4 protein chains.
Amino acid sequence: MNSNHKKDSSTNRGRPRSEAVHRNILDATLILLTEVGIEKLSIEMIAQYAGVGKTSIYRRWTNKEALVVDALEQIKPELNTSYQDTLQETLYELAESFFGQMDNPLGRQMLSVLVSTLSGSSQISEAFWEKHSLPKTKEISSIIDYFRQEEGLSDRVDIDLASDLLIGYVTYLLLFKTPSRDLDTSLKSGIELIINGLKK
Amino acid sequence: MNSNHKKDSSTNRGRPRSEAVHRNILDATLILLTEVGIEKLSIEMIAQYAGVGKTSIYRRWTNKEALVVDALEQIKPELNTSYQDTLQETLYELAESFFGQMDNPLGRQMLSVLVSTLSGSSQISEAFWEKHSLPKTKEISSIIDYFRQEEGLSDRVDIDLASDLLIGYVTYLLLFKTPSRDLDTSLKSGIELIINGLKK
Amino acid sequence: MNSNHKKDSSTNRGRPRSEAVHRNILDATLILLTEVGIEKLSIEMIAQYAGVGKTSIYRRWTNKEALVVDALEQIKPELNTSYQDTLQETLYELAESFFGQMDNPLGRQMLSVLVSTLSGSSQISEAFWEKHSLPKTKEISSIIDYFRQEEGLSDRVDIDLASDLLIGYVTYLLLFKTPSRDLDTSLKSGIELIINGLKK
Amino acid sequence: MNSNHKKDSSTNRGRPRSEAVHRNILDATLILLTEVGIEKLSIEMIAQYAGVGKTSIYRRWTNKEALVVDALEQIKPELNTSYQDTLQETLYELAESFFGQMDNPLGRQMLSVLVSTLSGSSQISEAFWEKHSLPKTKEISSIIDYFRQEEGLSDRVDIDLASDLLIGYVTYLLLFKTPSRDLDTSLKSGIELIINGLKK
DNA sequence: CGTTAACCGAGACGGTACGTCGCGTCTTACT
DNA sequence: AGTAAGACGCGACGTACCGTCTCGGTTAACG
């Protein structure tokens, strides 16, 4: 399920790895990430806070980045894809829910980590991004597709493009425009414009 | 004009700070930023490369972040606002030029640093962002406004919204979708959709 | 036994400190002390020469002084207390042997360090001095006592006083009169005078 | 008179050196020497305390050692050579007065500095020592000589030797035995023994 | 009696070393 | 074989001083 871990023990001889230790490390990582930020975060700090030896961390993850990415997995936002009466409403619910889940220190840290690691072009985060972003694009695309005829949308336009526009806009708001005053209005207007652009 | 520096000497007594040293530090920072990335970048490295004492760096900037932000100031992209025949073409030229300037290691580092510092909610980077992002929004808005009647755009929609959508989309492509195969197509289609959304 | 060390690990958990590292540090300290002198001696230098991390030094000693005192422990001179036919000869052998052991760069460094630290009135060096000086006084006193009747020495005089006079004289020669031309003569005459002073 | 200074200006054109600055530096040096010790003493500290630029210090002295030696000149002890009724009393007065002048932080610092610089075999302090120590030896020798017949001292013995024994003993007490409980007794007994050693 | 050369304070400069922190590895005894 | 503890070599941190070098400003003697 998760490929950031170091490879599992080849044999299952000897004492098995403690699941409690695993959880303690991940929990400590998230808490400290929120409290001190990724810059000041250190493995020694995590080990101490989790009441764990450094060895137990390095046995499971190769470095800080891998651990952080793994820890952030736990808080990845769920897309709320409940279909409403109109495309507008449906996308708004989805965007608003997504925004709500990310609009906090941890969520922003997550995006930030993503961007930093991506710009370092590590394979880990590419995989991470593909796993999380692509499905979102597809889900949104299928929502739009579902309302296509009902709302009289053009066949010509690339539906994935609209998804990217929406995702890009929401991401942009999160990264650069928070705290935002008229968030709801911004989201609604943006979605409206995109939908209108899809029409005819 | 730039507020990342430590406070200027209160008086003008004593030997004045060398402008040459200042430049050497900033230049070395940019070069090393490109070569080793921000993670591996160290003050000692910069000092050595610039042929400068560490003190001369710490005298001017409080930490690596402030220095990097300052160095990146020098390579902020210029918006190409030459008006073409149509809004579509004009925005495409603008977006394509912007993209071209940012689609390289240094440009991506710049965005990445921006995001990281913003997520740490430092005042430095908020100021930085406002100084660079807001003008862009205004410039794009005025372009759209210029073509409003000519292209039959609706009065109702918020023109700044369209700018944000465009900026968000381009930023999103830069951060998460590079290297991109069909960049031109993506940009063109995105702009087309946004313009279409503005119509009627 | 030696109290210059930082406190021993409270428990015996964790990896124990390496005895080899300990030795390497002390050896390097002595060698470099001889080569460059205590003024130019630096912790970084010692660490490098010993092939050891600076932390491993600071883990064991709080500062350069403590380390140097500890290193010098190893070369403390042995008193040659072989009894000769006369008090004069016995004391001469002793003084000459002591002088020979101290009359070199390391020996003088040792005395110098002792004086410097004593003038800073650190407890470390008081302890150090008491441990090394007092026994010497006692040994010399017992030698004098041994020859008391045989040589017709007065009962009235403080024998420890004669020891201190001798030690003081030898130390004085070492600190302020080296290199000395007529060392043997100086020692012999001094001892003769002291013995004569003890008589009647 | 004092050769630790850098050479005087070759010409006497231009603004002459300020005597007040000179005094301030020496005073500050002595005060700080007492307060923080020679180890922690720094040129920058002295400059700041004296309200003087570093340049003004380096213009007069080549390094910390030269400055300190120069500053300590001011407090060199005066020998009290008032002749008493007996040699015993005269030497006691002299030793007691000398001891009284040196038995304080500054005096001990002075001896310590002397020892340290001597062990580093700098020329400065050799000169310093010769200038101060030799005259003392000569003065004491002439005192002893003065009482020679009166007290029935042997001609055979080297009188300079007795001086060195006394100086050595007093120095030894100062360096290694302070604070001393029975100082007066120690001095008296020591002198008595030496005088007795000179007899017959 | 104005020129001018050396002085003065302040403080920037390239360095060296400081003592600390965290890295990722290793070595203990214990589970 | 896993675990907590913690030592290990290493590299960078940010600071303190070193001795040198500008700055603007000042003080006398010389010309």
Side-chain angles (χ1 to χ4, degrees), chain A residues 9-18 20-21 40-45 47-48 50-64, chain B residues 9-18 20-22 40-45 47-48 50-60 62-64, chain C residues 9-18 20-22 40-45 47-48 50-60 62-64, chain D residues 9-18 20-21 40-48 50-60 62-64:
Chain A
S9 289
S10 36
T11 72
N12 44 357
R13 303 238 305 144
R15 177 175 171 180
R17 291 195 187 153
S18 160
V21 165
K40 303 286 180 189
L41 188 70
S42 75
I43 297 282
E44 302 212 329
M45 199 176 180
Q48 177 134 15
V52 142
K54 286 201 292 176
T55 316
S56 292
I57 297 180
Y58 284 110
R59 198 177 287 118
R60 290 156 218 262
W61 295 276
T62 54
N63 52 44
K64 190 167 75 174
Chain B
S9 282
S10 39
T11 70
N12 50 351
R13 297 206 289 174
R15 177 175 175 176
R17 294 196 186 154
S18 160
V21 165
H22 204 89
K40 302 286 180 189
L41 189 67
S42 75
I43 298 282
E44 296 209 331
M45 200 175 178
Q48 178 134 16
V52 142
K54 282 201 288 178
T55 316
S56 291
I57 297 181
Y58 285 112
R59 200 178 284 124
R60 290 156 217 266
T62 51
N63 53 46
K64 193 167 74 175
Chain C
S9 283
S10 39
T11 70
N12 50 353
R13 298 206 289 174
R15 177 176 174 175
R17 295 202 184 147
S18 161
V21 165
H22 204 90
K40 303 286 180 191
L41 189 68
S42 75
I43 299 282
E44 294 208 333
M45 201 174 176
Q48 178 134 15
V52 141
K54 281 200 290 177
T55 315
S56 291
I57 297 180
Y58 285 111
R59 219 193 311 277
R60 290 156 217 264
T62 52
N63 51 46
K64 193 167 73 175
Chain D
S9 292
S10 36
T11 73
N12 43 356
R13 303 241 306 143
R15 175 176 176 177
R17 291 199 187 148
S18 160
V21 165
K40 303 286 180 188
L41 188 68
S42 74
I43 297 282
E44 302 212 329
M45 200 176 179
I46 295 170
Q48 176 133 16
V52 140
K54 284 201 292 174
T55 317
S56 291
I57 297 180
Y58 283 110
R59 198 177 288 120
R60 289 156 220 262
T62 54
N63 52 44
K64 190 167 75 175

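What you see is a predicted model, and the numbers here were worked out from it, not measured in a lab. Just so it is clear: chains get the letters A, B, ... in the order the sequence lines come, proteins before strands, and each one is counted from 1.
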Which whole-number value in Å describes the distance from [X] [atom1] to [N] [atom2]?
X	N	atom1	atom2	answer
C/Lys64	E/dA17	NZ	C1'	10 Å
A/Ile57	F/dA5	CD1	P	12 Å
A/Asn63	E/dC23	CG	C1'	11 Å
A/Gln48	F/dG6	CD	C1'	12 Å

Pairing residues for C/Glu44 by the side-chain hydrogen bond (donor to acceptor under 3.5 Å, both in side chains) criterion, not counting sequence neighbours: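 Testing C/Glu44 for side-chain hydrogen bond (donor to acceptor under 3.5 Å, both in side chains), a comparison that skips the adjacent residues, returns C/Lys54.
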
Any side-chain heavy-atom pair of D/Asn63 and D/Tyr58 under 4.5 Å: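 Heavy-atom side-chain distance check fails, nothing below 4.5 Å.
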
Any A/Arg60 side-chain heavy atom under 4.5 Å of A/Arg17 side chain: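 Counting from C-beta outward, A/Arg60 and A/Arg17 do come under 4.5 Å.
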
Contact under 4.0 Å: [X] side-chain N or O vs [N] OP1/OP2:
X	N	answer
B/Arg59	F/dA16	no
D/Arg60	E/dA6	no
B/Ser56	E/dC13	yes

Shortest non-hydrogen separation from A/Ala47 to A/Gly53 and the atoms involved: CB-C, 4.3 Å

Heavy-atom pair of closest approach, residues B/Ser56 and B/Val52: CB-CG1, 3.8 Å

Selection from E/dG14, E/dC18, E/dG9 that lies nearest to any side-chain heavy atom of C/Tyr58: E/dC18

C/Ser18 side chain, from C-beta outward: closest of F/dT3, E/dC8, F/dC8: F/dC8

Upstream residue (5' side of DNA chain F) when C/Ala50 and B/Met45 are each assigned their closest nucleotide: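 Of the two residues, C/Ala50 wins.
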
Kindly give the atom pairs (protein nitrogen or oxygen, nucleotide nitrogen or oxygen) under 3.5 Å for nucleotides 10-12 of chain F.
{"residue": "F/dC10", "atom": "N4", "partner": "C/Thr55", "partner atom": "OG1", "Å": "3.1"}

Side-chain (C/Lys64) to main-chain (C/Ile43) donor-acceptor, under 3.5 angstrom: no

Straight-line distance of D/Ile46 CD1 to D/Ile57 CD1, nearest 0.5 Å: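 Rounded to the nearest 0.5 Å, the CD1-CD1 separation comes to 5.5 Å.
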
What nitrogen or oxygen pairs link the protein and nucleotides 29-31 of chain F at under 3.5 Å?
{"residue": "F/dC30", "atom": "O4'", "partner": "D/Arg13", "partner atom": "NH1", "Å": "3.3"}

Side-chain-base donor-acceptor pair under 3.5 Å for C/Arg15 and E/dC26: yes

